[in-house]
Amino acid sequence: MKNDISLNPKAHLFLTSSPFKYIIENGDYKTLGFYKENKLEENLKKLWKEGSSILYITSDPSKHDKNIAIINSIKETLNNISLSFSSIDLCDGVNNNKNMNNYDVIILGGGHVPTQNKFFENISLKETIRDFEGIIIGISAGTMNCAGIVYAQPELDGESIDPNYKRFLKGLNLTKIQILPHYYSIKDSKLDGKRIIEDITYEDSVNNCFYVLPDGSYIIQTINDCHLYGEGFIIKDKKIEKICNNNESKLIKL
């Protein structure tokens, strides 16, 4: 694994579907605290530095006001638990000249995978994050874009039938795992008249392996090992298999 991925040997990568319970209120994302199952807060506490400096890297650099609202919501959540921080900076289209070495925690936000993927490319994140030695937390799209080869599951109207839509993109190469988040939110959904899981993702899973996470489940990866915490599934060659339950953990052999 050491020669295959760009994750720094001192870094810890948390690949989450969503670490927070949340609501959309008047169009704004509002966090309601960490999911309690699967010990995410406890596992973060083992690594978290007192008064950590945090960098939030957005999925959409054009939505500065929305990004500020997300940061304020994360601040409120962290203030209510024992993960102390000194600052949370924003990396988006307005403020993107950031030195990774100034931070203890990097959060890769959720959103539209191709939009975020392009932003990461524009700011050369793949090259700069490889030297980062702290905690990296991926959320939804941020988690998906951590892979070397990202599976950009079609999400918006028209994407699944657009011959120019690229379903596989080059990512940050912090992991080899291709993750699909929000399983229970999307498993019965349709897009462009197709079932997202059975008609779209199953077809794309031929010769591929996707790890499917509900909200509250997550993976911790270091340069040496990788563990799944909570409920998780694998979609491979048009079949889905459950591999772990809530409040359990499983070593993932890569």
Side-chain angles (χ1 to χ4, degrees), residues 1-2 4-22 31-49 52 74 77-78 81-83 104-110 132-148 150-151 153 171-187 197 201 205 208-237 239-254:
M1 187 187 302
K2 292 181 181 180
D4 292 336
I5 60 175
S6 302
L7 187 67
N8 189 283
K10 295 183 179 180
H12 289 78
L13 178 63
F14 285 71
L15 299 166
T16 80
S17 174
S18 175
F20 310 111
K21 292 185 177 181
Y22 63 92
T31 60
L32 302 175
F34 281 106
Y35 282 93
K36 297 302 182 185
E37 60 266 39
N38 305 318
K39 300 182 179 179
L40 175 58
E41 187 177 335
E42 290 91 329
N43 282 327
L44 281 170
K45 283 181 182 177
K46 296 174 185 176
L47 303 166
W48 197 274
K49 293 181 180 179
S52 283
I74 292 175
T77 294
L78 294 179
I81 59 179
S82 54
L83 294 176
D104 303 299
V105 179
I106 292 174
I107 300 175
L108 307 174
F132 180 72
E133 299 180 352
I135 299 170
I136 303 169
I137 303 173
I139 301 175
S140 190
T143 283
M144 298 166 78
N145 275 314
C146 283
V150 179
Y151 173 53
Q153 183 187 54
L172 299 179
N173 196 38
L174 299 176
T175 180
K176 293 298 180 185
I177 300 173
Q178 296 171 315
I179 292 179
L180 296 178
H182 314 305
Y183 176 58
Y184 288 116
S185 298
I186 67 169
K187 77 180 192 72
I197 298 297
T201 304
S205 73
N208 290 299
C209 181
F210 305 137
Y211 282 77
V212 186
L213 302 182
D215 291 352
S217 297
Y218 60 98
I219 290 170
I220 302 178
Q221 179 160 349
T222 66
I223 198 71
N224 294 314
D225 58 29
C226 187
H227 287 83
L228 166 64
Y229 291 83
E231 192 173 21
F233 305 80
I234 285 177
I235 295 178
K236 184 177 182 180
D237 294 329
K239 295 180 180 178
I240 188 167
E241 175 189 359
K242 190 172 188 178
I243 59 171
C244 197
N245 296 308
N246 260 336
N247 298 309
E248 296 179 356
S249 63
K250 179 182 179 66
L251 176 67
I252 296 177
K253 295 182 180 179
L254 301 175

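Everything quoted here is computed from the prediction, not taken from an experiment.
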Report the distance from atom CD of Q221 to atom CD1 of I136, rounding to the nearest 0.5 Å.
10.5 Å
Are the side chains of P181 and T143 in touch, meaning some heavy atoms are under 4.5 Å apart?
no
Can you find a heavy atom in the side chain of V212 that is under 4.5 Å from one in the side chain of I197?
no
Minimum heavy-atom separation for G230 to S217, with atom names?
C-OG, 3.5 Å
Is atom NZ of K10 surrounded by more than 12 heavy atoms (other residues, nucleotides or ligands) closer than 6.0 Å?
no
Just do the ring-ring contact (aromatic ring centres under 6.0 Å, His included) check on F34 and F20 with the steps written out, would you?
CA-CA 4 Å; F34 281 106; F20 310 111; 5.1 Å; yes
Do E41 and K36 make a side-chain contact, defined as non-hydrogen atoms from C-beta onward lying under 4.5 Å apart?
yes
Work out which heavy atom in C226 is nearest to a heavy atom in L251; give both atom names and the distance.
O-CD1, 3.3 Å
Quick check: are there more than 12 heavy atoms from other residues, nucleotides or ligands sitting under 6.0 Å from NZ of K242?
yes
With the side chain counted from C-beta on, respond yes when L108 and N145 share a heavy-atom pair under 4.5 Å apart, and no when they do not.
no
Once you measure the plane-to-plane angle for Y218 and Y229, does it fall in the parallel (<30°), tilted (30-60°) or perpendicular (>60°) bin?
parallel
Lys/Arg N to Asp/Glu carboxylate O, E42 vs K46, below 4.0 Å:
no
For a quick test of reading the model, state the closest non-hydrogen atom pair linking I139 to P19 and the distance between them.
CG1-CD, 3.8 Å
Could you walk me through whether H182 and S17 pass the side chain to side chain donor-acceptor pair (under 3.5 Å) check?
CA-CA 6 Å; H182 314 305; S17 174; 3.3 Å; yes
Which class fits the ring pair F233 and Y184: parallel under 30°, tilted 30 to 60°, perpendicular over 60°?
perpendicular
Does Y151 reach the side chain of L180, with side-chain heavy atoms less than 4.5 Å apart?
yes
C244 to L228 - nearest heavy-atom pair and separation:
CB-CD2, 3.6 Å
Compare all side-chain heavy atoms of I234 with those of Y211 and state whether any distance is below 4.5 angstrom.
yes
May I ask you to check whether over 12 heavy atoms, not counting those of K39, lie within 6.0 Å of atom NZ?
no
Do T16 and L213 have side-chain heavy atoms sitting under 4.5 Å apart?
no
With the side chain counted from C-beta on, respond yes when L174 and L15 share a heavy-atom pair under 4.5 Å apart, and no when they do not.
no
Can a side-chain donor-acceptor contact be found between S6 and N173 if the only test is distance below 3.5 angstrom?
yes
